[in-house]
Every structure is written in C-alpha cells, then in structure tokens.
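For reference, the structure discussed in these notes is given below.
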Amino acid sequence: MMRHAFIPAFAVVDDCLCVGGVALPRLATRVGATPFYAYDRALIRTRIASLREVLGPRVHLHYAVKANPMPALVDFIAPQVDGLDVASGGELKLALDAGMAPERISFAGPGKSEREIAQAIAAGIVLNLESETQAERAAAIGQRLGLHAMVALRINPDFELKSSGMKMGGGPKQFGIDAERVPALLRRLEPMGLDFRGFHIFSGSQNLRAEAIVEAQHKSIALACRLSADAPSPVRILNIGGGFGIPYFPGEEPLALERVGAGLAQALPQVAAALPEAAVVIELGRYIVGEAGIYVCRVLERKLSRDQVFLITDGGLHHHLSASGNFGQVIRKNYPVAVGNKMRGATRESATVVGPLCTPLDLLADRMELARAEPGDLIVVFQSGAYGLSASPTAFLSHPPPLEVLV
Ligand SMILES: *Cc1c(COP(=O)(O)O)cnc(C)c1O
C-alpha cells in the first residue's frame, strides 16, 4: 500500500514554514526563546467553518477544553462555538473567563470533588453526572446552597465505538452511568431537586473512520430516545460525543467529514420527532485544534554515532509527551516532523531527533528522512495543537517549560 506523505496545512515560503503568515525563524525571534508551541488562528477558524458547513445549523458544536487549555486559545475559540466542555474546576474557570454563557458549559469527569460540584452549581453550568453518588452529592450541595443544579446524565452505553484510538464507553468503565441503571436514576432526579437537562454519551476518541463514528452516533441517538421514556422533563441537551480523529502516522487518511455529516443528518429527523426540544451537541477537542498547532525546538548539536545522525535539540518529551510515543501509543511511530527553516533543504538524510533528557524515551523522530540540519536550525513537530503541553511532564528533569503563542 502507498504510504501517504504528510502535507502540512501551513504555508511554506522560501523553504520556511509559516505560521499565521509569519516565517518560522522570524516567529522564533518574536517569541524570544525555543522551544515553543505555535497555534495558527486562521487554521482553527477554517476548521470550525468546515465543521459548521458539514454539520449544518441544527447541530451544536462544543469545544472540549482538555485538548488545549491555553487561555488565549480558549478565548479565541469561545465566540466561534456553541459551548465549552470542561473536566475540572480549573477548566471551568477558563471557560467562564472566556465569557461563555454558563448554561452552555458542561462539566464531565468521573471524579468531581465537593468543591468542584459546588463551583459548578454556583456558576449555573450543566453538571454531567457520572454516577448515582455524584447525583446525590449534587443534590445535597444544591440544597445547602439553595440552588437547583442543572444536570445531564453521562451514559456508559451498551455499545463500543469501533476503531477508536481511545475507548471511553461500552463494557465496564469508570466513565458514565451504565445504560441499564439510568432509568432508575432518572426517576429519582425530581425528588432529589435536580434540574434534568439531558444526556451525554461519549464513546471514544481519535477515530478516523466515518462509518464507525456515524454508527456510534445513530446508536447514541437511539439509546437517548429509549431512555427519555423515564426522564422527568423533556431532553434539552443531547450530547452525542465526538471522537473525530486527525491523521498522525504514515498511511493514515484524514477523516471523511462529509460522510459523518451526511450520516448524522439521516438521524436528525428521528431526534426532532422523538425529542423535539433537544439540541444535538457534538463535542470536539483534537479535531478543532490538533492540526493547527506545531511544536518548535532548536538543534543544539549534530552527533554521529556509528553512522547514525542524531539531532540533539532543546525540546523533548517533557514538553511533548505524545510525540515521543509515550501518551497512549502501543507501538511508537513518528509524528510528522520537518526542519522548519529548510522544509525541502538542499540535501536530505536519515536523522534521529532527540531531546536533552537523560532517557532513551526522549525521542521526537526515529530515523526519519529530513533536510540536513545544523545547530541553530528549527525542528518542527506537526499535529501538535492538541494534547501537547498540558499532557506533558514538564517537571521531569527540571528544564524550563516551553512558551506558547497564538498567531
Ligand atoms: C477528552 C474528551 C473529549 C475530547 O476528545 P477529542 O479526542 O480531543 O476530541 C470530549 N469529550 C469528553 C467527555 C472527553 O473526555
């Protein structure tokens, strides 16, 4: 099978990668230091526009803050989406600071502290309850505060999302309430004083197969329609998850977004008929920001060890754990990497890109074909806008953390 060459979404001018129209060496000077993450506003705006076009006006689009919580980025995205999904008290603060209307913020997570539940109720956001215990705590805290908690039930469905990079539903899971237990809890919500808003069904992440996503969406909708029979009030929010993936590795094809849109459109009349007050919500993190971000580090040293070229850089796994292959990957594969100031280069060679850490895990590219690089050149890791900095162990080996810029 033909291996697909990675084509970055960023422009290349005079053999230099450009972010937001700024050539990389100039951007590095503007930032003031390497390593750094750079996120391109125009690419994010374009991505959201294509999602809007394909999903249509009836589907609400939420951003999952977990994918990239940089405050300026959340502020930039907030006005372009219909809601923000958070998974901690810290992310809740970011979402509120970004000016998102509280009723458009939802809070998921299998372990919510009493303090986080109180914060959520005081803010007037929607708590996605993941257990009977969370429901009881929300009820007790709401009573103490004299406020009705707005709640949705996160359901652990009775199916799995096929071909998903990370399964988060089906079988025994720490996430959500097992579907078969939901009717009993629905009947308790009103006596508990909880204000029922709807359902949240998130079955997995990083999926590149449109058919598998559509199948999960249809099953989620059918499940919600079935469970609504026991709901104390109309379903207003039907969050059917997301899981849209982006290609990282050779041979991976981008998600056929139009097929997802067409498949979802087929199920919308069923929602309109069975749950007329429900807004269908798709929540996406990686798909909105992942391809719009790069990680940039500088070559400190070029080293030859037994005929293998090593480019030793000032960046590594402490800043970008997922590119090193240590964040959920089973078999390590190279993220797309290039020399950002020599995209094509005069000569090319096989090189291994490593960081400064004293561990063989600190690997950014293993024997990849790259332009011949020298000390001072800039190494770029693509597909780094999601699960980059905030998913990395920055304290490991006590180097300074990287900067972040939105361009
Ligand atoms: C992590 C997560 C997301 C975002 O997943 P992506 O793969 O980044 O789109 C959305 N919803 C929930 C509940 C999550 O836990």
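Remember, it's 1-based here, ligands and their atoms both numbered in the order they're listed.
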- Does an N or O from Ala67, backbone or side chain, lie closer than 3.5 Å to an N or O of ligand 1? no
- Item | Shortest protein heavy-atom distance from atom 11 (N) of ligand 1, along with the residue and atom involved | Glu283 OE2, 3.0 Å
- Query: Going by the atom numbers of ligand 1, which of them fall below 4.0 Å from some non-hydrogen atom of His200?
  - Reply: 13 (C)
- Message: So, regarding Lys66 and ligand 1 (criterion: nitrogen or oxygen to nitrogen or oxygen, under 3.5 Å), is there a contact or not?
- Response: yes
- Geometric N/O contact Arg154 with ligand 1, under 3.5 angstrom: no
- Can we call the ring centroids of Phe382 and Phe6 under 6.0 Å apart? yes
- Have a look at ligand 1 and work out which part of Tyr387, if any, has a heavy atom under 4.0 Å from it: side chain, backbone, both or neither. side chain
- Task: Would you verify whether the NZ or CZ of Lys112 falls within 45 degrees of the ring axis of Phe107 while also being under 6.0 Å from that six-membered ring's centre?
- Result: yes
- Query: Is any side-chain N of the basic residue among Arg302 and Glu349 closer than 4.0 Å to the acidic one's carboxylate O?
  - Reply: yes
- Note on the structure: closest protein heavy atom to atom 9 (O) of ligand 1 is Gly285 N, 2.9 Å
- Item | Residue that, paired with Leu24, satisfies side chain to side chain contact (heavy atoms under 4.5 Å, CB included) out of Thr29, Val339, Val12, Ile294 | Ile294
- Can you tell me the protein heavy atom closest to atom 10 (C) of ligand 1 and the distance? Phe202 CE1, 3.4 Å
- Item | Residues Asp377, Arg298: salt bridge by 4.0 Å N-O rule | no
- Query: How far is atom 7 (O) of ligand 1 from its nearest protein heavy atom, and which residue and atom name does that atom have?
  - Reply: Ser205 OG, 2.5 Å
- Task: Check whether any side-chain N or O of Asn207 sits under 3.5 Å from a backbone N or O of Phe244 as a donor-acceptor pair, and report yes or no.
- Result: no
- Enumerated ligand 1 atoms positioned under 4.0 Å from heavy atoms of Ala64: 3 (C), 4 (C), 10 (C)
- Are any side-chain N or O atoms of Asn334 and backbone N or O atoms of Asp366, one a donor and one an acceptor, separated by less than 3.5 Å? yes
